[in-house]
Amino acid sequence: MDLRLLEKLSCAVSLGHIDEARNIAKSELEKYAEVAEFGQCGLIAKIDKGKDKTLLLDAHIDEVGFIVTKILGDGFLRVASVGGCDARILPATVVTVHGKEKFTAVFASTPPHLAEDKKDVKGLDDIVLDTGISDIERYVSCGDLVSYKTDLCRLDGNKVSGKSLDDRVGVFCLIELARRVYDKDLEYNLIISISDGEELGLRGAVTSSFECEADEAIAIDVSFGDGPNISSEKCGKLGNGAMLGISPVLDRGVTEKLKKIAGDKNIPLQFEVMGGKTSTDADVISVSKSGIKTGLLSIPLRNMHTPAEVVDTHDLEGVISLLYEYLLGGGK
Amino acid sequence: MKELLKKLCSIPAVSGREEKLREFIINEIKDYAEYSVDQNGNLICFKRGKSRAKKKVMVDAHMDEVGLIASYITDNGFVRFETVGGIDAAVMLARKVVFENGTVGVVGMKPVHMLSGDEKKTLPKADSLYIDIGASTKEEAEKVISVGDTAVFYSEPLDMGNNLLARAIDDRAGVAVLISLLKGTPEYDFYATFTVKEEVGLRGAKTATFTVSPDAAVILEATTAADIYGVASDKKVCSLGQGPAISFMDRSTLYNKKLFDLANALPIKHQVKEYVSGGNNAGAVHLSKGGVPTLTVSLPTRYIHSPSCLASLLDLEDMYTFSEKLIALLASGEGL
């Protein structure tokens with residue numbers, strides 16, 4: 001696995017109209033597939049094998065971030081969140097403001113002499129963004145976007161930590177899969193959808209799955225990984241393989257096929273049972289047009305929606321292997 | 001001085017583990033000053049000036065910074081820790097940290113999606129926090145980390161206009177100014193101390209001052225600037241861009257009035273810290289032996305003790321000029 005590609009995808013930004021990560025995915029996928037861009041939805045990459053059936057694989061490219069709502073003066077900005085935000089982690093967090101140029105900025109932390117109750121979490125209405133540039137209004141306007149700024153770091157074992165691994169790891173798996181299968185004889189025509197706007201309500205997948213004529217689909221996303229203070233019943237363990245989604249909104253046939261492949265090929269797999277919606281693109285792909293039989297694979301991830309997300313790269317290999325076998329016609 | 005400060009901010013030196021920083025400083029100053037290292041690890045330097053000093057002046061900057069220390073490794077390979085010096089939980093969450101041997105970890109917590117309403121509004125208790133170094137078992141973790149190992153926040157210094165965003169500006173700002181003073185050509189001889197363990201109770205300064213036995217002392221520091229949007233003007237303490245801040249009183253020292261007035265009369269850009277908060281090596285220095293007239297000159301710094309301290313590089317230059325003149329005035333013996 002080329003972790004440099006994961007690093008590029010993680011550090012790049014895809015938020016609102018900023019398409020850095022999407023452009024990286026596009027240039028990678030163009031090596032193996034016919035790629036078309038669909039404005040709001042993202043990218044659709046097709047590998048046509050002249051087969052009767054088509055499999056749609058989806059991962060979302062967008063990330064959580066912020067948007068400037070007011071210039072406060074003296075270099076300070078007020079922002080709102082774009083997608084889910086964990087306000088607990090904001091003080092002293094470093095971000096990039098995408099104005100006329102890119103500016104580094106930092107969320108203000110409360111000075112010790114002003115901290116009345118250190119236990120309270122401040123929301124975005126009470127915490128300002130500091131650019132350190134007193135006439136910042138010359139370079140930044142309301143509506144400009146703000147992204148987390150951090151490196152991808154290797155941890156012990158096979159784990160890495162960085163921003164936007166939700167869902168760049170999914171995008172990474174699909175690019176790596178395309179590289180491995182584009183010249184193979186497959187059971188399916190393959191469509192890879194790199195969809196936008198997931199964090200704002202699965203928006204990209206609605207339109208991208210409408211654009212595709214697919215018989216089956218699998219969404220690749222992330223889910224909750226294990227850690228202290230987290231019930232092991234509610235999460236997957238990092239390094240123990242992908243989490244197979246099991247839910248009434250998902251197709252039982254696709255799900256069973258993935259399960260059987262894992263058994264046949266000795267690919268580690270864990271299960272994530274949900275009583276209804278999965279809060280992933282699978283929710284909307286499954287009801288696109290007359291319906292697409294849809295499954296879900298999730299990569300366990302810690303510290304979701306923070307700049308310190310953690311995944312185990314072994315789990316990425318598990319996802320790629322499962323999908324590879326699926327495309328070759330496994331699981332019957 | 002900007003490049004020097006950036007380099008200094010990149011070297012980890014949690015209290016008690018100042019060795020690497022001390023080596024760097026020695027390498028910088030060895031051609032410009034006489035130096036020795038005391039039993040505690042303080043670096044004590046003597047700088048020859050153009051003239052002999054009438055009063056022995058000691059200029060101090062502390063080498064150490066706040067950080068984390070591994071205290072226990074769980075069966076699942078997570079590292080529990082204590083803070084070394086004061087760090088709020090609010091600035092630790094979801095932060096990458098790096099141990100002395102280069103091992104990177106992140107301060108993890110339960111994801112926001114899994115929190116109940118009350119949990120979302122309250123910071124996790126400090127003793128529920130842990131560092132995730134990627135290990136899956138205690139045995140794996142112990143191959144790379146031992147309890148007692150220290151870590152600092154993972155951050156590289158970044159430019160923000162005329163400002164620098166970096167870890168440990170407290171007190172690498174003082175160290176940068178003091179190194180630059182030693183490289184200069186001062187009017188009078190003076191002593192420079194780069195001290196250890198300030199953040200855990202001003203421990204280095206206590207012994208260094210005893211050794212030097214000065215007639216007067218200047219502490220070069222970084223202090224809280226609360227000139228943040230929404231903060232009332234009487235709570236701002238000091239402001240970026242207004243020059244170095246001198247203190248009349250803080251939580252550790254009621255400063256020598258004569259010395260404060262002398263400094264405040266200097267016709268060089270500076271401000272007076274307008275709030276009684278914080279504390280620094282002056283607390284130990286001014287009580288050394290029979291007492292030492294002491295003054296603190298600080299670089300105004302936002303978000304101090306966080307991974308992302310913000311300070312003005314223009315203030316840093318002004319701090320150098322101000323300190324140079326102040327030291328010369330004190331060493332001349334006039335006014336003291």
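Numbered from 1 within each chain, the chains take letters A, B, ... in sequence-line order.
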Top residue by heavy-atom pair count (under 4.5 Å) with chain B, among [options]?
options: A:Asp86, A:Asn158, A:Thr306; result: A:Asp86
options: A:Ile136, A:Val128, A:Leu72; result: A:Leu72
options: A:Ala108, A:Gly225, A:Ala87, A:Ser279; result: A:Ala108
options: A:Leu238, A:Val160, A:Thr131, A:Asp312; result: A:Thr131
options: A:Gly73, A:Ala308, A:Ala92, A:Gly75; result: A:Ala92
options: A:Asp226, A:Leu90, A:Ile133, A:Val106; result: A:Val106

Interface moiety of B:Phe153 toward chain A, non-hydrogen atoms closer than 4.5 Å: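 It is neither, since no heavy atom gets under 4.5 Å.
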
Under 4.5 Å from a heavy atom of chain A, the part of B:Met114 involved: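 Only the side chain of B:Met114 comes within 4.5 Å of chain A.
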
Atom [atom1] of residue position [X] - does it have more than 12 heavy atoms of other residues, nucleotides or ligands inside 6.0 Å?
X: A:Lys237; atom1: NZ; answer: yes
X: B:Asp75; atom1: CG; answer: no
X: B:Asp234; atom1: CG; answer: yes
X: B:Glu274; atom1: CD; answer: no
X: A:Lys70; atom1: NZ; answer: no
X: B:Glu142; atom1: CD; answer: yes
X: B:Asn162; atom1: CG; answer: no

Rounded to the nearest 0.5 Å, how far apart are [atom1] of [X] and [atom2] of [Y]?
X: A:Thr96; Y: B:Leu158; atom1: OG1; atom2: CG; value: 8.5 Å
X: A:Thr93; Y: B:Arg95; atom1: OG1; atom2: CZ; value: 3.5 Å
X: B:His113; Y: A:Phe224; atom1: NE2; atom2: CZ; value: 5.0 Å

Taking side chain as everything from C-beta outward and backbone as N, CA, C, O, which of these in [X] sits under 4.5 Å from a heavy atom of chain B? Side chain, backbone, both or neither.
X: A:Asp151; value: both
X: A:Arg78; value: side chain
X: A:Lys234; value: both

Evaluation steps, side-chain contact (heavy atoms from CB on, under 4.5 Å), between B:Lys235 and A:Leu114: CA-CA 8 Å; B:Lys235 301 270 173 67; A:Leu114 297 176; 3.6 Å; yes

Name of the residue among B:Val91, B:Asp88, B:Ile304 meeting side chain to side chain contact (heavy atoms under 4.5 Å, CB included) with A:Ser109: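 It is B:Val91, the one option of B:Val91, B:Asp88, B:Ile304 that forms the side chain to side chain contact (heavy atoms under 4.5 Å, CB included) with A:Ser109.
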
Residue from B:Val144, B:Thr103, B:Val104, B:Ile133 passing side chain to side chain contact (heavy atoms under 4.5 Å, CB included) with A:Leu155: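 Running side chain to side chain contact (heavy atoms under 4.5 Å, CB included) over B:Val144, B:Thr103, B:Val104, B:Ile133 with A:Leu155 returns exactly one hit, B:Val104.
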
Contact between [X] and [Y] at the side-chain level, heavy atoms closer than 4.5 Å - yes or no?
X: B:Tyr229; Y: A:Leu77; value: no
X: B:Val106; Y: A:Val310; value: yes
X: A:Pro228; Y: B:Arg80; value: yes
X: B:Pro111; Y: A:Ile230; value: yes

For chain A, which of [options] has the most heavy-atom pairs under 4.5 Å?
options: B:Lys120, B:Met92, B:Arg302, B:Glu140; result: B:Arg302
options: B:Asp159, B:Asn76, B:Asn163, B:Asp132; result: B:Asp132
options: B:Ile145, B:Leu115, B:Val231; result: B:Leu115
options: B:Thr74, B:Val98, B:Asp227, B:Leu93; result: B:Leu93
options: B:Cys309, B:Ala226, B:Ser277, B:Ser306; result: B:Ala226

What closest approach, in Å, do [X] and [Y] show between heavy atoms, and which atom pair accounts for it?
X: A:Gly132; Y: B:Leu310; result: CA-CD2, 4.4 Å
X: A:Asn229; Y: B:Ser128; result: ND2-O, 3.3 Å
X: B:Glu119; Y: A:Arg88; result: O-CD, 4.4 Å
X: B:Phe78; Y: A:Gly227; result: CZ-CA, 3.9 Å

Side-chain donor-acceptor pair present, B:Tyr303, A:Asp130, cut-off under 3.5 Å: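 Judged by distance alone, the side chains do pair up.
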
No-hydrogen, no-angle side-chain donor-acceptor test under 3.5 Å, A:Lys159 and B:Ser136: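 There is such a pair between these side chains.
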
Donor-acceptor pair, side chain of B:Lys121 and main chain of A:Lys122, under 3.5 angstrom: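 Such a contact is absent between B:Lys121 side chain and A:Lys122 backbone.
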
